Amino acid sequence: MSALIAQASGRRTATPIEATDATHLSSLRKRLTAAQRNWLDESGFDGKPGSVCLVPDANGKLARVVVGVDRQESLSALAALPLMLPTAEYTLASESVPLDPQLSALGWALGCYQFTRYRNAKRPGSPLVVDAATLAALTPLIEATYFVRDLVNTPTEDMGPKQLADQVKQLGKTYKAKVREWVGEELLEDNFPTIHAVGRASHRPPRLIELSWGKTSDPKVVVVGKGVCFDTGGLDLKSSDGMRWMKKDMGGAAHAIALAGLVMEAKLPVRLTLLVPAVENAVAGNAMRPGEVITTRGGHSVEVDNTDAEGRLILCDALAYAAEQKPELIIDFATLTGAARVALGPDLPALFANDDQLADAALACGNAVADPLWRLPLWRPYRKLLESYLADFANAGPSRHAGAITAALFMERFIPEGMPWLHLDTYAWNDGDRPGRPRGGEAMGLRAMFALLGKRYG
């Protein structure tokens, strides 16, 4: 059953949901019968955010749902309800306190999500009846978010480099795009040495997947996603706690693939390239070793200070290749650093940008669609933290300071001066279980970047 369904004549009446808060509770009570007001009192409903009361009619049947909301949080206002309320069709009552209709409907749909690849859904999510325009506007975003969550939730044995490539190929088939990939030794033959170095120890060969779509006369946009399908840390092995959820380390790729799908579905007038370097950072006799020096596609020699700083290595070859195409804009997504989580927590992706106006536009778009980002600086004096005594620079260093910034500075070296670039260091995961955000894979920054591209090119 779909999370959202369109209003249709002849459909049986959907149960109204009235959103309220402590300020508007008295006006809500005036619309109820004396018996219903008594029911509200006996239920202890006070209009606080998250409070819910199912109000019966005179025959004891469900007549109305009242829910306490924070009017500043439209996205989460209804998100807990689809899997909580009795299975039925619902609609947002016209008497409700003002909520953004699209954001509240989107939150409802995100609250319906359940990952069912390995077990059945606990129960079906109830649908929300919306107008046709809202349904049309939200369906691509809902499907893209579900797609990201599904990919990130899937364990590595079923979501390795080849399976990521298969997702891109399916996308290419759907939208008649061209897909190319370099696998294993082909990476060395065509000068993608760092992607190969990171992934060579796995029994599943590393690869770079490229999707191309659009008219040659349209502005060029490249979207890049980090596709580390599992990260052991390599020879700088992670602890068991640190390794436990590393199936999610391809979350950047999931975001990038989903964004490419949104762009093509919307038929934005851009010439799109999607690049997904897909690897497993494994341990074996031929694993990349600390102290090795790799000459990258961009021509810089890089000393491998830490094999667990592998994401920036696979991305640097992909970014160098992206820059060769002379795009108008490069966007990359990556589950790159724990330091970004320490700085901003799990809900705010760190945004890095080499163009202030572009950064401001990205932040504004994120706020407009309730998908916020937080900009961190490309503080170039910190480049000294990546100095190497025998190579141009290292992929990491001894200092634990400013880890998200030094990672971004590493990748910035592969972006030519004056070429607009956005880097999102995103968590792609939810550790808890909150309305609209069940534990597991998450899509953060996706709607913001789609809104930005729509504003620039739509």
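None of the values given here were measured: they were computed from a predicted structure.
For Asp371 (side chain) and Leu446 (main-chain N/O), a donor-acceptor pair under 3.5 Å exists by modelled atom type. Using modelled atom types, one side-chain atom of Arg123 and one backbone atom of Leu83 make a donor-acceptor pair closer than 3.5 Å. Checked by atom type and distance alone, the side chain of Asn306 never pairs as donor or acceptor with a backbone atom of Asn395 at under 3.5 Å. Here the side chain of Arg447 pairs a donor or acceptor atom with the backbone of Val369 at under 3.5 angstrom. At least one donor-acceptor pair closer than 3.5 Å links the side chain of Ser96 to the backbone N or O of Ala93. For the pair Asn281 (side chain) and Thr307 (backbone), a donor-acceptor distance under 3.5 Å is present. Counting only distance, with no hydrogens or angles, the side chain of Arg204 and the backbone of Pro161 share no donor-acceptor pair below 3.5 Å.
Residues passing the ring pair (Phe, Tyr, Trp, His ring centres under 6.0 Å) test with Trp213, sequence neighbours excluded: none.
The shortest heavy-atom contact between Cys316 and Phe410 is CB-CE2, 3.9 Å. Gly172 and Val179 make their closest contact through CA-CG2, 4.0 Å (heavy atoms, listed as atom of the first residue, atom of the second, distance). Between Ala284 and Ala201, the shortest heavy-atom contact is CB-O, 3.6 Å. When all heavy atoms are compared, the tightest approach of Gly397 to Asp305 is N-OD2, 3.5 Å. In plain terms, the two heavy atoms of Ala79 and Gly436 that are nearest each other are CB-N, 3.4 Å. Nearest heavy atoms, Ile294 versus Ala197: CD1-CB, 3.6 Å.
Here side-chain hydrogen bond (donor to acceptor under 3.5 Å, both in side chains) pairs that include residues 248-260, with residues two or more places apart or in two chains, are Lys226-Asp249, Asp249-Thr335. The salt bridge (charged side-chain N to carboxylate O under 4.0 Å, His left out) analysis of residues 142-153, with sequence neighbours excluded, yields the pairs Arg149-Glu442. Each side-chain hydrogen bond (donor to acceptor under 3.5 Å, both in side chains) pair with one or both residues in residues 352-364, not counting sequence neighbours, appears once here: Asp356-Arg375.
Glu280 and Thr156 share no donor-acceptor pair across their side chains, judged by distance under 3.5 Å alone. A side-chain donor from one of His196 and Glu185 sits under 3.5 Å from a side-chain acceptor of the other. Donor-acceptor pairing under 3.5 Å is lacking for the side chains of Asp190 and Tyr321.
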Practice problem: Take Thr154 and Tyr118, measure what side-chain contact (heavy atoms from CB on, under 4.5 Å) needs, and give me the verdict at the end. | Solution: CA-CA 9 Å; Thr154 302; Tyr118 303 101; 3.8 Å; yes
Exercise. Might you work through the side-chain contact (heavy atoms from CB on, under 4.5 Å) test for Leu358 and Leu329, ending with a clear yes or no?
Key: CA-CA 10 Å; Leu358 179 62; Leu329 175 63; 3.5 Å; yes
Quiz prompt | Derivation of the side-chain contact (heavy atoms from CB on, under 4.5 Å) call for Thr337 and Arg312 | solution = CA-CA 10 Å; Thr337 67; Arg312 64 200 72 181; 4.0 Å; yes
Quiz item: Under the side-chain contact (heavy atoms from CB on, under 4.5 Å) criterion, do Leu373 and Met449 qualify, and how do the steps go?
Solution: CA-CA 10 Å; Leu373 310 168; Met449 289 299 98; 3.8 Å; yes
Quiz item: Step by step, would you call Glu186 with Arg180 a salt bridge (Lys or Arg N to Asp or Glu O under 4.0 Å)?
Solution: CA-CA 12 Å; Glu186 294 174 350; Arg180 178 185 182 187; over 6 Å; no
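Between the CG atom of Leu78 and the CG atom of Leu103 there is a distance of 11.0 Å, given to the nearest 0.5 Å. Note that the CD1 atom of Ile330 and the CG atom of Asp332 stand 8.5 Å from one another [nearest 0.5 Å]. Expressed to the nearest 0.5 Å, how far OG1 of Thr406 lies from OH of Tyr382 amounts to 10.0 Å. Going from atom OG of Ser2 over to atom CG of Leu135 covers 8.0 Å, rounded to the nearest 0.5 Å. One finds the CG atom of Leu259 at 9.5 Å from the CG atom of Leu452 (value rounded to the nearest 0.5 Å). Between the CG atom of Leu319 and the CE atom of Met419 there is a distance of 10.5 Å, given to the nearest 0.5 Å.
Residues Met288 and Leu313 have side chains in contact (heavy-atom distance under 4.5 Å, counting atoms from C-beta outward). Here the side chains of Val279 and Ser202 are not in contact, with every heavy-atom distance at 4.5 Å or above. Proximity of Tyr457 to Glu328: side-chain heavy atoms (C-beta onward) are separated by under 4.5 Å at one or more points. The side-chain heavy atoms of Leu164 and Cys229, taken from C-beta on, include a pair separated by under 4.5 Å. Looking at Leu453 and Leu262, their side chains never come closer than 4.5 Å, going by heavy atoms from C-beta outward. With a 4.5 Å cut-off on side-chain heavy atoms, Leu75 and Trp108 do not count as touching. Considering only heavy atoms from C-beta on, Leu315 comes within 4.5 Å of Leu336 through its side chain. Proximity of Leu211 to Lys169: side-chain heavy atoms (C-beta onward) are nowhere separated by under 4.5 Å.
Between His300 and Phe393, the two ring planes are tilted [angle within 30° to 60°]. Using cut-offs of 30° and 60° for the angle between ring planes, the His423 and Trp421 rings count as parallel.
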Distance-only check: which donor-acceptor pairs under 3.5 Å involve side-chain atoms of residues 263-272, not counting sequence neighbours?
unit_1, atom_1, unit_2, atom_2, d
Glu265, OE1, Tyr175, OH, 2.7
Arg271, NE, Thr216, O, 3.3

Side-chain atoms of residues 237-245: list all donor-acceptor pairs with protein atoms under 3.5 Å, sequence neighbours left out, distances to 0.1 Å.
unit_1, atom_1, unit_2, atom_2, d
Lys238, NZ, Asp308, OD1, 3.2
Lys238, NZ, Asp308, OD2, 3.1
Ser239, OG, Gly242, N, 3.1

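Checked against Leu151 for a side-chain contact (heavy atoms from CB on, under 4.5 Å), the options Gln167, Lys247, Gln163 give a single hit: Gln167. With Arg437 as reference, Asn430 is the one residue of Asn430, Leu110, Asp431 to meet the side-chain contact (heavy atoms from CB on, under 4.5 Å) rule.
For the pair Arg383 and Glu412, the salt-bridge criterion is met [side-chain N within less than 4.0 Å of a carboxylate O]. Using a cutoff of 4.0 Å between basic side-chain nitrogens and carboxylate oxygens, Glu73 and Arg434 are not scored as salt-bridged.
The environment of Asn120 atom CG is sparse: at most 12 non-hydrogen atoms of other residues, nucleotides or ligands sit within 6.0 angstrom.
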